[in-house]
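For reference, the structure discussed in these notes is given below.
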Amino acid sequence: MSVLVINSGSSSVKFQLVDPSDGRSIASGLVERIGESSGHVALTYEGETTENSAPFPDHGAGLRSAFEMMKERGIDLSDAGVTAVGHRVVHGGEVFSEPTLIDDDVCRKIDQLSSLAPLHNPPNLQGIEVARRELPDIPQVAVFDTAFFHALPAAAATYAIDSDVAAAHGVRRYGFHGTSHEYVSGRVAEFLDRDPTSLNQIVLHLGNGASASAVRGGAAVDTSMGLTPLEGLVMGTRSGDIDPGVIMHLRRSADMSVDEIDELLNRRSGIKGLSGVNDFRELRTKIESGDDAARLAYDVYIHRLRKYLGAYMIALGRVDVITFTAGVGENDLNVRADTLAGLEMYGIVVDPERNAVRSKDARAISPDGSPVTVLVVPTNEELAIARAAARLVG
Ligand code: ADP
């Protein structure tokens with residue numbers, strides 16, 4: 001039994017065939033540069049990677065090529081025991097609070113939510129449409145990035161603007177990376193062998209995109225991303241929190257259009273905007289070579305993270321676990337150490353030796369018996385999507 005997980009982005013599609021019972025990745029691949037003059041598809045199966053370059057005018061062409069490649073390698077999706085296709089969908093708005101079996105009506109609703117996520121929902125939907133066409137006999141399930149935050153307390157979900165305007169335009173905090181925050185906070189309880197309802201947790205998902213969440217007894221009570229995935233922490237290329245007045249100022253004084261400001265804040269800001277690079281390995285190399293801009297970018301990043309940490313410690317009242325996850329959180333020991341430095345009086349301590357261990361497994365990096373347990377827990381959104389899809393189709 002397996003689930004095909006599809007994460008369809010603007011110019012790329014990630015796919016993975018996952019065994020939801022044990023999390024094994026049976027095959028995985030990536031279609032890139034869709035819509036460009038030369039596209040690329042790669043498939044890894046049984047330890048061997050096959051690649052192919054060809055133009056893919058649209059997502060359909062890209063995914064068909066990936067399915068063809070799987071067939072050539074002996075994986076025929078239509079009779080490979082694939083019980084479901086699980087799709088990552090970024091924005092579920094107020095409509096979707098849990099994984100949902102896809103039909104025409106669901107597609108229409110995902111399409112209607114595109115105004116809230118113009119960069120994400122349209123390509124997500126394209127992936128769904130292609131998979132429905134190519135694999136018509138396999139049930140398709142949408143798993144929403146926003147779902148885990150659907151029931152945020154009103155005080156955390158509400159922006160303090162004219163409530164009629166907010167209601168008319170769906171302006172509220174939706175939160176993103178929900179599949180990861182839910183998966184990781186669940187893994188934390190498993191790892192600690194604790195009942196999830198007994199734990200107060202802060203989860204720091206630090207990848208290219210980054211978000212923090214406060215989770216009480218298994219339910220999210222606050223999160224740093226908002227109406228869009230732009231709010232909150234400093235990210236690889238996104239600004240995170242910014243005075244909304246900056247946007248009006250740039251519109252009026254720099255004569256930038258809304259699209260130009262959108263592009264500035266989403267693609268030319270964050271670590272990249274400040275230092276020129278967005279990968280933390282390159283940032284570290286620059287810092288070590290004495291680059292002041294790189295140092296400042298790092299300091300701004302850590303400063304923002306600590307601000308959220310403090311806010312969520314107060315929101316939760318008692319914190320049992322702080323967990324780092326995603327590319328930066330799982331790999332960058334400096335980020336982990338600097339985020340939690342000097343917080344001994346709150347019971348938060350990082351053991352330098354434990355923090356230096358490199359591993360793909362969940363692990364504690366605080367000393368045994370610390371009042372607050374600090375963990376590194378690898379996220380696995382594909383597995384979470386596969387499990388949600390498998391659960392839904394029974
Ligand atoms: P996303 O899914 O948001 O694209 P990931 O969670 O895969 O991102 O994180 C990617 C980021 O993780 C990279 O841009 C890089 O900054 C960081 N990263 C990956 N490996 C390492 C490493 N060994 N050391 C430090 N940072 C790393």
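The basis for the numbers below is simple: all heavy atoms, side chains too, and nothing from hydrogens, waters or symmetry mates.
Contact annotation: the side chain of Met70 never approaches that of Tyr45 to less than 4.5 Å [non-hydrogen atoms, C-beta and beyond]. For the pair Leu4/Phe67, a side-chain contact is recorded, criterion being any heavy-atom separation below 4.5 Å from C-beta on. Looking at heavy atoms from C-beta onward, Asp292 lies out of side-chain contact with Leu296 at the 4.5 angstrom threshold. The closest side-chain heavy-atom distance from Asn331 to Phe280 is not below 4.5 Å. His120 is not listed as a side-chain neighbour of Phe176, based on a closest heavy-atom distance of 4.5 Å or more. Taking the side chain as every heavy atom from C-beta outward, Cys107 and Ile128 approach each other to under 4.5 Å. The shortest distance between side-chain heavy atoms of Leu101 and Val106 does not fall below 4.5 Å. Counting heavy atoms from C-beta on, the side chains of Ser224 and Ser211 come closer than 4.5 Å.
Between the side chains of Thr49 and Thr44, at least one donor N or O lies within less than 3.5 Å of an accepting N or O. Defined by atom type and a distance below 3.5 Å, a donor-acceptor pair is missing between the side-chain atoms of Asp222 and Tyr308. Using modelled atom types, one finds a donor on one side chain and an acceptor on the other under 3.5 Å when comparing Thr50 with Arg73. Looking only at atom types and distance, the side chain of Thr179 has no donor-acceptor partner in the side chain of Glu381 under 3.5 Å away. Judged purely by distance below 3.5 Å, without hydrogens or angles, the side chains of Asn334 and Tyr298 never pair a donor atom with an acceptor atom.
Residues forming a salt bridge (Lys or Arg N to Asp or Glu O under 4.0 Å) with Arg354 (at least two apart in sequence, or on another chain): Asp368. A search for ring-ring contact (aromatic ring centres under 6.0 Å, His included) contacts involving Phe324 returns nothing, not counting sequence neighbours.
Under a hydrophobic-cluster definition in which Ile, Leu, Val, Met, Phe, Trp and Tyr are linked whenever side-chain heavy atoms come within less than 4.5 Å, directly or via other members, Leu309 and Val335 are assigned to the same cluster. There is no path of hydrophobic side-chain contacts, each under 4.5 Å, that joins Ile314 to Met345. Leu340 and Val376 fall within a single hydrophobic cluster, where Ile, Leu, Val, Met, Phe, Trp and Tyr are joined by side-chain heavy atoms under 4.5 Å apart, directly or via other members. Linking Ile, Leu, Val, Met, Phe, Trp and Tyr whenever their side-chain heavy atoms come within less than 4.5 Å puts Leu316 and Leu204 in one cluster. Residues Val13 and Leu17 fall within the same hydrophobic cluster, defined by Ile, Leu, Val, Met, Phe, Trp and Tyr side chains chained together at heavy-atom separations under 4.5 Å.
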Full working for side-chain contact (heavy atoms from CB on, under 4.5 Å) between Val89 and Leu113
CA-CA 11 Å; Val89 180; Leu113 290 165; over 6 Å; no

Please walk me through it: do Asp195 and Thr197 pass side-chain hydrogen bond (donor to acceptor under 3.5 Å, both in side chains)?
CA-CA 5 Å; Asp195 180 347; Thr197 62; 2.9 Å; yes

I would like to know whether Ile202 and Met313 meet side-chain contact (heavy atoms from CB on, under 4.5 Å); could you show each step before the answer?
CA-CA 8 Å; Ile202 296 174; Met313 283 164 64; 3.9 Å; yes

Does Leu206 form a side-chain contact (heavy atoms from CB on, under 4.5 Å) with Asp332? I'd like the steps, not just the answer.
CA-CA 10 Å; Leu206 311 177; Asp332 196 316; over 6 Å; no

Decide yes or no on side-chain contact (heavy atoms from CB on, under 4.5 Å) for Arg88 and Val5, but give the supporting numbers first.
CA-CA 8 Å; Arg88 176 181 183 220; Val5 177; 6.0 Å; no

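Using a distance-only test at 3.5 Å, with no hydrogens or angles considered, no donor-acceptor pair links the side chain of Gln201 to the main chain of Ser213. Within the 3.5 Å criterion, the main-chain N or O of Asn200 finds a donor-acceptor partner in the side chain of Asp320. A donor-acceptor pair is defined here as one N or O able to donate and one able to accept, closer than 3.5 Å; such a pair exists between the side chain of Ser289 and the backbone of Lys286. A distance-only check finds a donor-acceptor pair linking the side chain of Thr223 to the backbone of Ala212 [under 3.5 Å]. A side-chain donor-acceptor contact under 3.5 Å links Thr100 to the backbone of Glu98. Not a single donor-acceptor pair under 3.5 Å links the side chain of Arg187 to the backbone N or O of Pro378. Side-chain N or O atoms of Arg336 include one that pairs as donor or acceptor with a backbone N or O of Gly329 at under 3.5 Å. Between the side chain of Arg172 and the backbone N or O of Ala157 there is no donor-acceptor pair closer than 3.5 Å. With hydrogens and angles disregarded, a donor-acceptor distance shorter than 3.5 Å links the side chain of Arg306 to the backbone of Asp338. Checked by atom type and distance alone, the side chain of Tyr159 pairs as donor or acceptor with a backbone atom of Leu227 at under 3.5 Å.
Here CD of Gln16 is found 9.0 Å from CD1 of Ile26. Values are rounded to the nearest 0.5 Å. Atom NZ of residue Lys14 and atom CG of residue Leu30 lie 7.5 Å apart, to the nearest 0.5 angstrom. Between Ser180 atom OG and Asp145 atom CG the span is 9.0 Å, to the nearest 0.5 Å. Taken from CG in Asp351 to OG in Ser366, the straight-line distance is 8.5 Å, to the nearest 0.5 Å. Atoms CG and OG, from Leu233 and Ser239 in turn, are 11.0 Å apart once rounded to the nearest 0.5 Å. With rounding to the nearest 0.5 angstrom, the CG atom of Leu230 is 7.5 Å from the CG atom of Asp262.
The two residues Gly178 and Phe148 have their closest heavy-atom pair at O-CB, 3.6 Å. The two residues Ala390 and Val3 make their nearest non-hydrogen contact at CB-CG2, 4.1 Å. Shortest non-hydrogen contact noted between Arg267 and Lys272 is O-CD, 4.3 Å. Here the shortest heavy-atom pairing between Gly207 and Val328 reads O-CG2, 3.9 Å. Closest approach of Ala27 to Ile75, counting heavy atoms only: CB-CD1, 3.8 Å. Between Ser275 and Ala297, the shortest heavy-atom contact is CB-CB, 3.9 Å.
By the 4.0 Å N-to-carboxylate-O rule, Asp105 lies close enough to Lys109 to be salt-bridged with it. By the 4.0 Å N-to-carboxylate-O rule, Arg295 lies close enough to Asp299 to be salt-bridged with it. By the 4.0 Å N-to-carboxylate-O rule, Asp279 lies close enough to Arg281 to be salt-bridged with it. A salt bridge does not link Glu129 to Arg132: none of the charged nitrogens lies less than 4.0 Å from a carboxylate oxygen.
Both tests do not hold together for Arg64 against Phe56: distance to the six-membered ring centre under 6.0 Å, angle to the ring axis within 45°.
Between His181 and His205, the angle of the ring planes lies from 30° to 60°, which puts this pair in the tilted group.
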